[in-house]
Amino acid sequence: MAFDRQLGFLGAGNMAEAICRGLLAKGVVAKEQILAADPSDARRKVFGDLGVETTTDNAALAARCGAIVLAVKPQHMADALAPMKGTVAAEHLLVSIAAGISTGWLEGQFAPAAVRVVRVMPNTPMLAGAGMSALCKGARATDADLRFARTLFDAAGRTVLVEERLMDAVTAVSGSGPAYFFYFVEALTIGGVEAGLPEAQAAELAKATLLGAAKLLAESPDPPAELRRKVTSPGGTTEAALKSMADGGVLEQIVWAVQAAARRSKELGK
Ligand SMILES: NC(=O)c1ccc[n+]([C@@H]2O[C@H](COP(=O)([O-])OP(=O)(O)OC[C@H]3O[C@@H](n4cnc5c(N)ncnc54)[C@H](OP(=O)(O)O)[C@@H]3O)[C@@H](O)[C@H]2O)c1
């Protein structure tokens, strides 16, 4: 099968846009090599503005692209793939970012065609070029397929390889994780207001503190526990705050929250 495009996007939503922008910015793929399929006029316009050709025809996407990023919502996946059956074959590499959808399920959609699948769990900081994506191979994907998929996500952040059985845990830590930190900034802002700050200032202080702490964590050789110890003088303010958190079981609550997310990811995958 001869393809006239190297890379397709099935679904041209927020995550597809983040991946596409990273690829174009880093020059990994030229805009002429990309085709994006989406029923939404508005989303096709976003990709059109990036210089990328678009279509509403998913079968044409499969006919024209050798590698396709599956970037529709999990509940839309079966409908979106249906027009591609009969066209997708062993020559195709499917790179799915859909939460909870297994490589085995995707392979089964195209049986008896021996389609190759790589599954990825990215996260929304990819929208800012600072994503954390975990990848695993399906039964027929090759190491070269995995390397190719990895280049797509390295362009908008960092990547790690995991076994597929760990994808629920990955989802609970890095997939949903950004929301936990946003929640913490919300809480810190409320705390600042309760302590007497105007809301806008509390919000600015909370946000800048998260960004500063993240940069320090990224640049320092110290693990987070050591960085925390360095802020905490005996009998001081930080110690008072951390004692209050320990007394309230905040650490345990966060661990339970991650476990709840992993359980939910497993349920959604059934
Ligand atoms: N957001 C996250 O934090 C995150 C993290 C990791 C993984 N993911 C995964 O990334 C995937 C995409 O998420 P997103 O946030 O980018 O969603 P999104 O913005 O809703 O994008 C999905 C796009 O697919 C389009 N679509 C719907 N049915 C289609 C069809 N039959 N054929 C082609 N396109 C179709 C939608 O159009 P309409 O709007 O017109 O329906 C929409 O433009 C999901 O599977 C999600 O699980 C998301």
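Numbers here are sequence positions counted from 1. Both ligands and their constituent atoms are indexed starting at 1 by order of listing.
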(request) May I ask you to check whether Arg150 and Thr159 show a side-chain donor-acceptor distance below 3.5 Å? (result) yes
Ligand 1 N/O to protein N/O, distances under 3.5 Å:
from: ligand 1; atom 1: 15 (O); to: Lys73; atom 2: NZ; distance (Å): 3.4
from: ligand 1; atom 1: 16 (O); to: Asn14; atom 2: N; distance (Å): 3.2
from: ligand 1; atom 1: 16 (O); to: Met15; atom 2: N; distance (Å): 2.8
from: ligand 1; atom 1: 17 (O); to: Lys73; atom 2: NZ; distance (Å): 3.4
from: ligand 1; atom 1: 19 (O); to: Asn14; atom 2: N; distance (Å): 3.0
from: ligand 1; atom 1: 19 (O); to: Asn14; atom 2: ND2; distance (Å): 3.3
from: ligand 1; atom 1: 32 (N); to: Asn58; atom 2: ND2; distance (Å): 3.1
from: ligand 1; atom 1: 37 (O); to: Asp38; atom 2: OD1; distance (Å): 3.2
from: ligand 1; atom 1: 43 (O); to: Asp38; atom 2: OD1; distance (Å): 3.4
from: ligand 1; atom 1: 43 (O); to: Asp38; atom 2: OD2; distance (Å): 2.7
from: ligand 1; atom 1: 45 (O); to: Val72; atom 2: O; distance (Å): 2.6
from: ligand 1; atom 1: 47 (O); to: Ala99; atom 2: N; distance (Å): 3.0

(request) Considering only NZ, NE, NH1 and NH2 on the basic side and carboxylate oxygens on the acidic side, decide whether Asp49 and Lys45 come within less than 4.0 Å. (result) yes
(request) In plain terms, say whether Lys137 and Asp145 are close enough for a salt bridge, that is, a side-chain N and a carboxylate O under 4.0 Å apart. (result) no
(message) Looking at Arg158 and Asp154, is any side-chain nitrogen of the basic one under 4.0 Å from a carboxylate oxygen of the acidic one?
(response) no
(request) Compare every heavy atom of Ala98 with every heavy atom of Met77, then report the nearest pair and how far apart it is. (result) CE-CB, 3.5 Å
(message) Does either side chain, that of Glu164 or that of Thr103, offer a donor lying less than 3.5 Å from an acceptor on the other one?
(response) yes
